[in-house]
Structure formats: C-alpha cells, structure tokens
Amino acid sequence: MKKTLISAAFLVACSSNVHAFSQETHKRIVIDAVNYMQQHPSTTQYAALASYAQQNNMTITQLGELLGQAAYDVDDFEDTFFCGAITGSCVQAPVWGAAESIVKYTSYWHFQNHTQGADQHGNDFGGYNYQKLTVWGTVDNLAATWLKGDYLDDGKGGETGWFNADSSKYNSYGVTEAHYRIDSQSSYSMYDDFEEMPFQPIDNLGQYWYQSYLQSGNPQILGFVFHTTDLLQPHHTWTTSDLNHSSWESWVNEYYDQENLNDPALVTQAMTTFAALDTQSTDVRPLLTQGGAFSYAQGGIVLNSEDHYDRLDTAKQVVPHAIAMVVHLLNHAMVAR
C-alpha cells in the first residue's frame, strides 16, 4: 500500500512541530491583550471587559487565563479526520506525528493564502490548498504524497475506501467544513482528494466562533476566536507547512520574554494599524484580513532566514500586531454582546 512506501526521510522531515504560533504563544498573546486593556482603560473597553469577567464569576486575571487557554485549545480540536483512499480508515493525525507533537489535521483550517486571490468557494482569500501553493517545502510535498487520494470524513454512508470500507469517526465535511463555510459554497467533490482540497480560510473559523459567542455569551467560545492570531504568523498567510515553519515557532516561544516581543509601546503603535470594526456589524473578518495582509507584507523573510535578527525584526512587528488584533476583537466583543 502507498503509505508503507513513504521514505524514512518523510518521517524525519515531518517530525518537527508545524503549528503556526505555538500553543503557548497563542495563550500569551491573549493574556497580554487583556493585560494591555487593563493598563489602558481609557482607550479600550476595559470597563466592559471587567464587568464581563464579574458576570462570569471571574477576576480579570482568571478571564484572561480562560480566554488564552481557549485560543490554545483550538489546535487540539478533534474535528477533522482524513480517511484512507483504499482502507477507508479515518484518523485525525498522521501516525508519524503521534510521538512528535505534530499538529492534527484540524490545523489545515488555520491559513489565509495572501499569495492567491479568491478561492473556488467564493472567499476573497482561500485557505490551505496544496494545488494553489506558491511557496512550499518538503513537508507540503510529502504530506500531499502521504495523503494522496485520501478524503475528508463525511460520516457514515458517505465516501468509502475500496469495497465500501469505512471507519468514519466524525462527519468533518457535514460539521466542521459546514461551520466554516460562512458566506461561501462547497461541494463534497472538493474534499475527496487531499492534494486538491481547498480548505476554508481561518477568518471563516473566527467568524463562526464569534457568531457562536454572540449567541451564547460564553467566554470559552470567545477565546476560540483568538486562535486567528495565526494570521499574524507569516507562514499562514504565505501558506506553507514548511520553510522554517516549526523553527520560527520555537524561536518566538523561546524569545517572547527575553526580547520583550509583547512591548506595550509597540502594541500601542500596532493598534493604529487596524481600522476598528464597525460596532453595528457582527462580521469580524475585515479586521482579521487586515492582520493577514500585515503579516504577508512584513514577514516573508522568516520563511527563508533563520538569522536571529531577521526573526527579531519580524517578531517585533507581528507579535504586537497579534496582541493589538485581539484587543480590537475584545473591544468589539464587549460592545456587541
């Protein structure tokens, strides 16, 4: 079978973590956004945020921790299964990543490709689509080889492997993709071969969870929205799982405090980069796309350079902008709720 023929080089190439910002960095960004609001109550909706914390029987510190943990948790969602083209066996992560903290397949919803225009769903920017990559590396190529012909789990009675083999675990097309299909259209034929799948972009993920927050008022659900700080990670707007993706993530996590990447003065500057959301609108995607456009314009060098100072120059821009984006989202969330 095809998957037993993949070389050892593939396993080595994919043995590093290919998250965008690491989960811990996602959490820190959100906590720092809450802290920034506390330190700047006159220019943010901090009073409303503090009231929201009190309504949920939490201190502001506890709320920041909860929101940050929820942003962290999105990488652990068990909502996306790919099934073997022959075996029909459906899994949420590659076997070669089980012991290496490789992200689950859910991470393919966490991109917004600024190297391309509108996608076949009708989104202004699409998500990860191997066929549409303009920059890529070994991990991208070998993942497409490993998963060639594999299909997105569409539940019992849907697509199957040979001889109707089917071990469906979760209707990823009917639930996950449907959630992230906001204002766009899909057909299952788009998802029956991994190497051709046009994944929905991360701004649609953020919009789905933001709508869910407005309906429920649940702070954990609001925290899920903040995983969209992936948009300030250049690999997720240039769109590749490779090209120093994992080493950049590790570098940001390692130097977050040492290099003062969350400098409040830089966050204040970054706040002015974003056009604040219309308080009469519940669509947060315009703000999210602004964040993606910024990282795409400013951060391309980290795909090709591992130099500390190249990385520091980029991080001093994208991390404060990630924090500022969360502040803008929190400001809007406190007014819109």
Side-chain angles (χ1 to χ4, degrees), residues 10 13-27 29 69-83 90-114 125-130 132-133 135-144 146-147 150 152-153 169-170 172-173 175-177 179-180 191 194-195 197-206 208-209 223-250 252-253 288 291-292 295 303 322:
F10 179 37
C14 298
S15 64
S16 57
N17 191 327
V18 293
H19 281 114
F21 286 132
S22 71
Q23 287 179 290
E24 187 58 36
T25 300
H26 274 298
K27 185 174 182 177
I29 286 169
Q69 184 62 46
Y72 176 115
D73 289 341
V74 174
D75 275 325
D76 291 327
F77 280 2
E78 298 183 359
D79 63 356
T80 303
F81 288 75
F82 296 156
C83 309
C90 305
V91 296
Q92 64 177 322
V95 294
W96 37 262
E100 301 291 346
S101 298
I102 294 295
V103 295
K104 298 175 182 177
Y105 294 140
T106 190
S107 66
Y108 282 110
W109 308 110
H110 299 176
F111 293 82
Q112 186 187 70
N113 190 350
H114 281 253
F125 293 102
Y128 189 96
N129 181 345
Y130 179 74
K132 297 289 187 179
L133 300 185
V135 296
W136 62 89
T138 301
V139 174
D140 298 294
N141 291 337
L142 292 176
W146 178 273
L147 294 166
D150 286 4
L152 185 66
D153 191 347
K169 302 295 194 304
Y170 186 83
S172 299
Y173 177 72
V175 179
T176 308
E177 205 277 348
H179 286 166
Y180 303 158
Y191 292 94
F194 171 81
E195 66 276 16
M197 290 182 187
F199 290 90
Q200 294 283 356
I202 191 172
D203 54 319
N204 284 6
L205 176 155
Y208 168 74
W209 289 113
F224 294 155
V225 177
F226 303 141
H227 196 83
T228 55
T229 53
D230 269 352
L231 284 162
L232 272 301
Q233 212 288 51
H235 293 82
H236 275 234
T237 51
W238 283 87
T239 308
T240 175
S241 295
D242 206 330
L243 304 183
N244 300 313
H245 195 142
S246 60
S247 63
W248 158 254
E249 167 214 320
S250 298
V252 172
N253 189 51
L288 302 179
S295 73
L303 279 67

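None of the values given here were measured: they were computed from a predicted structure.
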Q: Please verify the inter-ring angle class for F125 with H114; under 30° counts as parallel, over 60° as perpendicular, anything in between as tilted.
A: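 The rings of F125 and H114 lie parallel, inter-plane angle below 30°.
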Q: Can V252 and W248 be said to form a side-chain contact (heavy atoms from CB on, under 4.5 Å), step by step?
A: CA-CA 6 Å; V252 172; W248 158 254; 3.6 Å; yes
Q: Tell me every residue that passes side-chain contact (heavy atoms from CB on, under 4.5 Å) with V135, counting only those two or more places apart in sequence or in another chain.
A: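 V135: side-chain contact (heavy atoms from CB on, under 4.5 Å) contacts with W238, T240, L243, L303.
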Q: Determine, stepwise, if the pair D76 / Q23 fulfils side-chain contact (heavy atoms from CB on, under 4.5 Å).
A: CA-CA 9 Å; D76 291 327; Q23 287 179 290; 3.1 Å; yes
Q: Taking side-chain hydrogen bond (donor to acceptor under 3.5 Å, both in side chains) as the definition, give me every residue that meets it alongside Y191, ordered by chain and number, with sequence neighbours left out.
A: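 Listed in chain order: H121, E177.
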Q: What closest approach, in Å, do L147 and E195 show between heavy atoms, and which atom pair accounts for it?
A: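 Minimum heavy-atom separation between L147 and E195: O-OE1, 4.0 Å.
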Q: Run T25 and S22 through side chain to side chain donor-acceptor pair (under 3.5 Å) and show every step you take.
A: CA-CA 5 Å; T25 300; S22 71; 2.9 Å; yes
Q: Testing Y170, F82, F194 for ring-ring contact (aromatic ring centres under 6.0 Å, His included) with Y105, which one passes?
A: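 Considering Y170, F82, F194, a ring-ring contact (aromatic ring centres under 6.0 Å, His included) with Y105 is found only for F82.
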Q: With a 4.5 Å limit on heavy-atom distance, are the side chains of D140 and Y128 in contact?
A: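 Result yes, sub-4.5 Å side-chain heavy-atom pair found.
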Q: Could you tell me whether the side chain of V175 reaches within less than 4.5 Å of the side chain of D79, counting heavy atoms only?
A: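 With C-beta onward as the side chain, the pair stays apart.
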Q: Parallel, tilted or perpendicular: which fits the ring planes of F111 and H245, with parallel below 30° and perpendicular above 60°?
A: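 Rings of F111 and H245: perpendicular, over 60°.
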Q: Just how far is it from atom OG1 of T237 to atom CG of L232, taken to the nearest 0.5 Å?
A: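 Those atoms lie 8.5 Å apart.
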Q: I want to check something: taking the side chain as every heavy atom from C-beta on, are T228 and H110 in contact at a cut-off of under 4.5 Å?
A: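 No, side chains not in contact.
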Q: Tell me whether the centres of the aromatic rings in F224 and F77 are closer together than 6.0 Å.
A: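 Yes, the ring of F224 comes within the 6.0 Å limit of the ring of F77, centre to centre.
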Q: Kindly indicate whether the side chain of Y180, heavy atoms from C-beta on, has any atom under 4.5 Å from the side chain of W209.
A: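 Side chain of Y180 against side chain of W209, heavy atoms only: contact under 4.5 Å found.
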Q: Return the CD to CG distance between E249 and N244, rounded to the nearest 0.5 Å.
A: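 E249 atom CD to N244 atom CG measures 12.5 Å (nearest 0.5 Å).
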Q: Of all heavy-atom pairs between N113 and T239, which one has the smallest distance, and what is that distance?
A: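 So the minimum-distance heavy-atom pair works out to CA-OG1, 3.2 Å.
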Q: Going by atom types only, do W109 and T80 share a side-chain donor-acceptor pair under 3.5 Å?
A: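 Note: W109 and T80 side chains meet the donor-acceptor criterion.
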Q: On a heavy-atom basis, which atom in S295 and which in L231 lie closest, and how many Å separate them?
A: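 Scanning both residues, the minimum pair turns out to be OG-O, 2.6 Å.
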Q: I need the minimum non-hydrogen distance between S241 and V139, along with the two atoms involved.
A: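 Residues S241 and V139, closest heavy atoms: CB-CG1, 3.9 Å.
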Q: Going by atom types only, do D153 and Q92 share a side-chain donor-acceptor pair under 3.5 Å?
A: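 Looking only at side-chain atoms, Q92 and D153 do not form any donor-acceptor pair under 3.5 Å.
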Q: Restricting to side-chain contact (heavy atoms from CB on, under 4.5 Å), what partner residues turn up for K132, sequence neighbours left out?
A: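 Expected list: Q116, N129.
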Q: Is it the case that D203 and Q112 place a side-chain donor and acceptor less than 3.5 Å from each other?
A: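 Note: D203 and Q112 side chains meet the donor-acceptor criterion.
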Q: Can you confirm whether or not the ring centre of H26 sits under 6.0 Å from the ring centre of Y72?
A: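 Centroid distance H26-Y72: not below 6.0 Å, so no.
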Q: Do any N or O atoms from the side chain of T229 and from the backbone of F226 form a donor-acceptor pair under 3.5 angstrom?
A: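 It does hold such a pair.
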Q: Evaluate the criterion side-chain contact (heavy atoms from CB on, under 4.5 Å) for residue pair D75 and K104; output intermediate values, then yes/no.
A: CA-CA 7 Å; D75 275 325; K104 298 175 182 177; over 6 Å; no
Q: Using side-chain contact (heavy atoms from CB on, under 4.5 Å), reason through H236 and I202 one step at a time and then give a plain yes or no.
A: CA-CA 9 Å; H236 275 234; I202 191 172; 5.5 Å; no
Q: Strictly by modelled atom types, are Q69 and K27 linked by a side-chain donor-acceptor pair under 3.5 Å?
A: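 A donor-acceptor contact under 3.5 Å links the two side chains.
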Q: Any chance you could measure T176, atom OG1, to F199, atom CZ, to the nearest 0.5 Å?
A: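 CZ of F199 is found 11.0 Å from OG1 of T176.
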Q: Ignoring hydrogens, what is the shortest heavy-atom contact between W136 and L133? Give both atom names and the distance.
A: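 Result for this residue pair: CZ3-O, 3.3 Å.
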